[in-house]
Each structure stands twice: as structure tokens, then as C-alpha cells.
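Computed from a prediction, not measured in an experiment: that's the story for all the values here.
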Amino acid sequence: AFEENNIKTFVRLLSSTQPIADFEESLHPWAEDPKTLGTLAATQLAIMSSSAGTDATKVKDDIRKAGAIPPLVNLLESREKDRRQCAIVALAELTRCSAENSKAVGSAGGIGALMKHKDSPIPEARDE
């Protein structure tokens, strides 16, 4: 999935709790590194959304149409910090400059789930 940037495969992997090896370097300035295959898939979707350049709108639409938003919203409710933080990052990237994705997050219950993180001790998590 990684080499092909296969969106549908990443979406299917979002619920995976299979552990992965630790990273040598941090992947994000404030979010914990992924500890599971599902969180790594969320991270990859965030990277795809943020680095698509002129194709950003299409990539974000494709990710939404593949069904990524409901499972990402579900990750916000996880007990594991890496899952919550990677979901915040992915949803922030997917909704940036995308009214359709913002509506989809609201429809999936994401507003209430995100509001639970408004008092996060990590300022950047609150700002996303």
C-alpha cells in the first residue's frame, strides 16, 4: 500500500491494532509516532493530504470517498494516545481548505470528538 499510495488499502488498515516497529526519528513535531499499522495508515493519509500540491483537492476527495473519515473520527475516541493524535493530524490535513471533508467530519460525529481534545496539554493539538 505504501509504495503505491493505495488509499483504499490505507482506509482498510485504519482499524488495525497490529504493532509495528519503533521509528528511529520522530515523524511529526508533536504527535506521537504510530505504534500500530492502523495509526501508520492514518499518518500516511495525512502525509498524502498535506503533500499533494496542486492535486490536494482531488487527493482529499479521494480519501473521503474511500471512507476514511468515519474510522479516523473513531480513532479520536481511542485509549491510545498515538491513535488519537494521529487522527487529529489526519483530520486537520483532510479538512484544511475542504468544505466537503469538513462536512463529512461533522456528519461522522467528529466535532464532538474533536472538542474533547480542546484542553489537550499539547498546544498544537488544540490548534489543529
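Using a 4.5 Å heavy-atom threshold, the side chains of Lys8 and Val11 count as separate. The closest side-chain heavy-atom distance from Gln18 to Thr36 is not below 4.5 Å. Residues Leu45 and Leu94 have side chains not in contact (no heavy-atom distance under 4.5 Å, counting atoms from C-beta outward). You'll find the side chain of Pro34 reaches within 4.5 Å of the side chain of Ile20, heavy atoms only. The shortest distance between side-chain heavy atoms of Asn101 and Ile69 falls below 4.5 Å. Inter-residue side-chain proximity for Asp82 and Asp33 is flagged as unmet; no heavy-atom pair is nearer than 4.5 Å.
Remark: Leu72 CG to Arg64 CZ distance equals 13.5 Å, nearest 0.5 Å. Between the CG atom of Asn74 and the CZ atom of Arg83 there is a distance of 10.0 Å, given to the nearest 0.5 Å. Within the model, atoms OG1 of Thr39 and CG of Leu75 stand 6.5 Å from one another, a figure rounded to the nearest 0.5 Å.
Remark: the backbone N or O of Arg79 is paired with a side-chain donor or acceptor of Arg84 at under 3.5 angstrom. The closest donor-acceptor contact from the side chain of Asn6 to the backbone of Thr9 lies under 3.5 Å. With hydrogens and angles ignored, the 3.5 Å screen pairs a side-chain donor or acceptor of Gln85 with a backbone N or O of Glu32.
Closest approach of Gly106 to Ile111, counting heavy atoms only: CA-CG1, 3.8 Å. For the residue pair Leu14 and Pro71, the shortest heavy atom distance occurs at CD1-CG, 3.7 Å. The minimum heavy-atom distance between Ala42 and Ala90, with the atom names listed, is O-CB, 3.7 Å. The two residues Gly109 and Val73 have their closest heavy-atom pair at C-CG1, 3.9 Å. Between Glu93 and Ser50 the shortest heavy-atom distance is OE1-CB, 3.2 Å.
Defined by atom type and a distance below 3.5 Å, a donor-acceptor pair is present between the side-chain atoms of Ser78 and Glu80.
With respect to Lys58 and Asp62, a salt bridge is recorded, a charged nitrogen being found less than 4.0 Å from a carboxylate O.
Under the salt bridge (Lys or Arg N to Asp or Glu O under 4.0 Å) criterion, no residue pair touches residues 36-53, with sequence neighbours excluded.
With Ser49 as the fixed residue, the side-chain contact (heavy atoms from CB on, under 4.5 Å) test singles out one of Lys60, Gln44, Arg96: Lys60.
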Practice prompt. For side-chain contact (heavy atoms from CB on, under 4.5 Å), just list the numbers for Leu40 and Phe23, CA-CA rounded to whole Å, side-chain angles, deciding distance to a tenth of an Å, and then say yes or no.
Written response: CA-CA 11 Å; Leu40 183 60; Phe23 290 88; 3.7 Å; yes
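Under the 4.5 Å side-chain heavy-atom criterion for ILVMFWY residues, a single connected hydrophobic cluster contains both Leu37 and Leu27.
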